Amino acid sequence: MLKHIIAVSLLMGCAPEAMPDEVPAEPGVSEQALGAVVLPPGARVHGRPISAWAKEWYRWHFRVPADRSPMLRLEEDCGQDQDGPVFFVPTYDLDTTYQRTCRVPRNRPVLVPLWVIINDYPCPDPSFEPAPGQTLEDFLRQGALDFNDGTQDLVVTVDGKRVDTRRHRHTSGLFTFDADPSLVGRIPDPCLIGGEQRGVTDGWWLMLQLSPGEHVVRVQALAPFGAPIDYTYTLRVGR
């Protein structure tokens, strides 16, 4: 049983060879000339891998109260309660097709969830438990991987240029988060208890470096449960 689906690679010790659409900025290249740079999946941002930032994204996701959560309101400010070194683009938890516009601070890396899920614990369902001898981390990870393996035909473009998403799947280790009680029953996660829980996240993420101006990320796929995924993030970076 997998509870929390958000419409929207294992931790690597070193970055693989960059694809043409994922080349880091060359020293001395002006910010205006960069456009949208997709960082390699093995990149470390402020000393941390992308899988670590995915965990921080979820901690932020669950921290914002329902009355101002951008995950529940498309018109809400994407930067709600954000003050860290990486800007988190929010999903919209109530549909798999939508369009969202975000104002993004200049000179800040941007983490974009493409299709991501969290498998969290504990859960009111008494059958949702690891098998005898199985660790909680392995139990949650396997459930997340098995579910997401059903995602089909994932196509992502950044400013009209297609990204090879096969290289951008990240699976976290076990981590803790503390959900605001107001989210219980609002976010589609029947295991959410409104307090401290543990979880594992799996999915496809892009870490971007964006020049000032407007950038567009489009995501299309077929969800594991058969629903079409089609959403567009318009990211307006300050000058």
Side-chain angles (χ1 to χ4, degrees), residues 1-10 41 50-51 54-55 57-58 61-62 66 69-76 78 88-102 111-131 138-158 160-172 177 179 183-193 197 199-206 216-234:
M1 175 183 174
L2 191 73
K3 295 93 45 213
H4 187 208
I5 300 164
I6 296 181
V8 272
S9 83
L10 296 174
I50 293 172
S51 58
K55 292 188 283 189
W57 185 95
Y58 268 104
H61 172 94
F62 287 120
S69 171
M71 289 68 171
L72 298 174
R73 299 171 50 176
L74 278 172
E75 67 276 14
E76 191 62 61
C78 298
F88 298 145
V89 173
T91 59
Y92 178 58
D93 278 9
L94 304 183
D95 205 346
T96 60
T97 61
Y98 59 89
Q99 296 184 9
R100 155 159 274 157
T101 298
C102 296
L111 183 63
V112 182
L114 305 177
W115 175 259
V116 300
I117 60 171
I118 186 170
N119 209 6
D120 48 353
Y121 179 92
C123 188
D125 179 359
S127 68
F128 190 71
E129 294 286 343
D138 285 345
F139 170 67
L140 296 177
R141 179 189 294 114
Q142 195 59 56
L145 291 171
D146 288 348
F147 180 83
N148 259 351
D149 283 347
T151 306
Q152 300 178 50
D153 304 323
L154 179 62
V155 175
V156 176
T157 59
V158 178
K161 189 171 184 179
R162 187 164 174 172
V163 176
D164 183 2
T165 56
R166 294 172 299 176
R167 307 178 67 243
H168 292 277
R169 185 173 179 177
H170 298 268
T171 307
S172 77
F177 64 91
L183 298 175
V184 176
R186 301 288 302 278
I187 286 180
D189 181 351
C191 284
L192 204 64
I193 62 174
Q197 292 182 256
V200 169
T201 176
D202 173 71
W204 292 265
W205 304 80
L206 293 184
V216 177
V217 179
R218 187 174 184 189
V219 182
Q220 295 173 290
L222 186 66
F225 49 88
I229 299 168
D230 190 347
Y231 40 88
T232 301
Y233 299 120
T234 299

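The shown structure was predicted, so the numbers you read here are calculated from the model rather than taken from an experiment.
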Spacing of CD1 belonging to Ile187 relative to CG belonging to Asp93, to within rounding of 0.5 Å: 5.0 Å
Donor-acceptor check, side chain of Thr97 to backbone of Ile229, threshold 3.5 angstrom: yes or no? no
Just jot down the side-chain hydrogen bond (donor to acceptor under 3.5 Å, both in side chains) partners of Gln220, sequence neighbours excluded, or say none. none
Side chain Asn148, main chain Asp202, donor-acceptor under 3.5 Å: yes
Aromatic plane relationship, Phe225 with Trp115 - under 30° parallel, 30 to 60° tilted, over 60° perpendicular: tilted
Is the backbone of Thr201 close enough, under 3.5 Å, to the side chain of Ser172 for a donor and an acceptor to pair up by distance? yes
Is Glu76 reaching over with its side chain to a backbone N or O of Leu72, donor-acceptor style, under 3.5 angstrom? no
Hey, does the side chain of Arg100 reach the backbone of Cys78 with a donor-acceptor pair shorter than 3.5 angstrom? no
Please list, chain by chain and in numerical order, all residues satisfying side-chain hydrogen bond (donor to acceptor under 3.5 Å, both in side chains) with Asp230, sequence neighbours excluded. Arg218
Within the distance-only criterion (no hydrogens, no angle test), does the side chain of Trp57 pair as donor or acceptor with the backbone N or O of Val89 below 3.5 angstrom? yes
CZ of Arg186 to OG of Ser69: how many Å apart, nearest 0.5 Å? 8.5 Å
Does the gap between the ring centers of Phe62 and Phe177 come in under 6.0 Å? yes
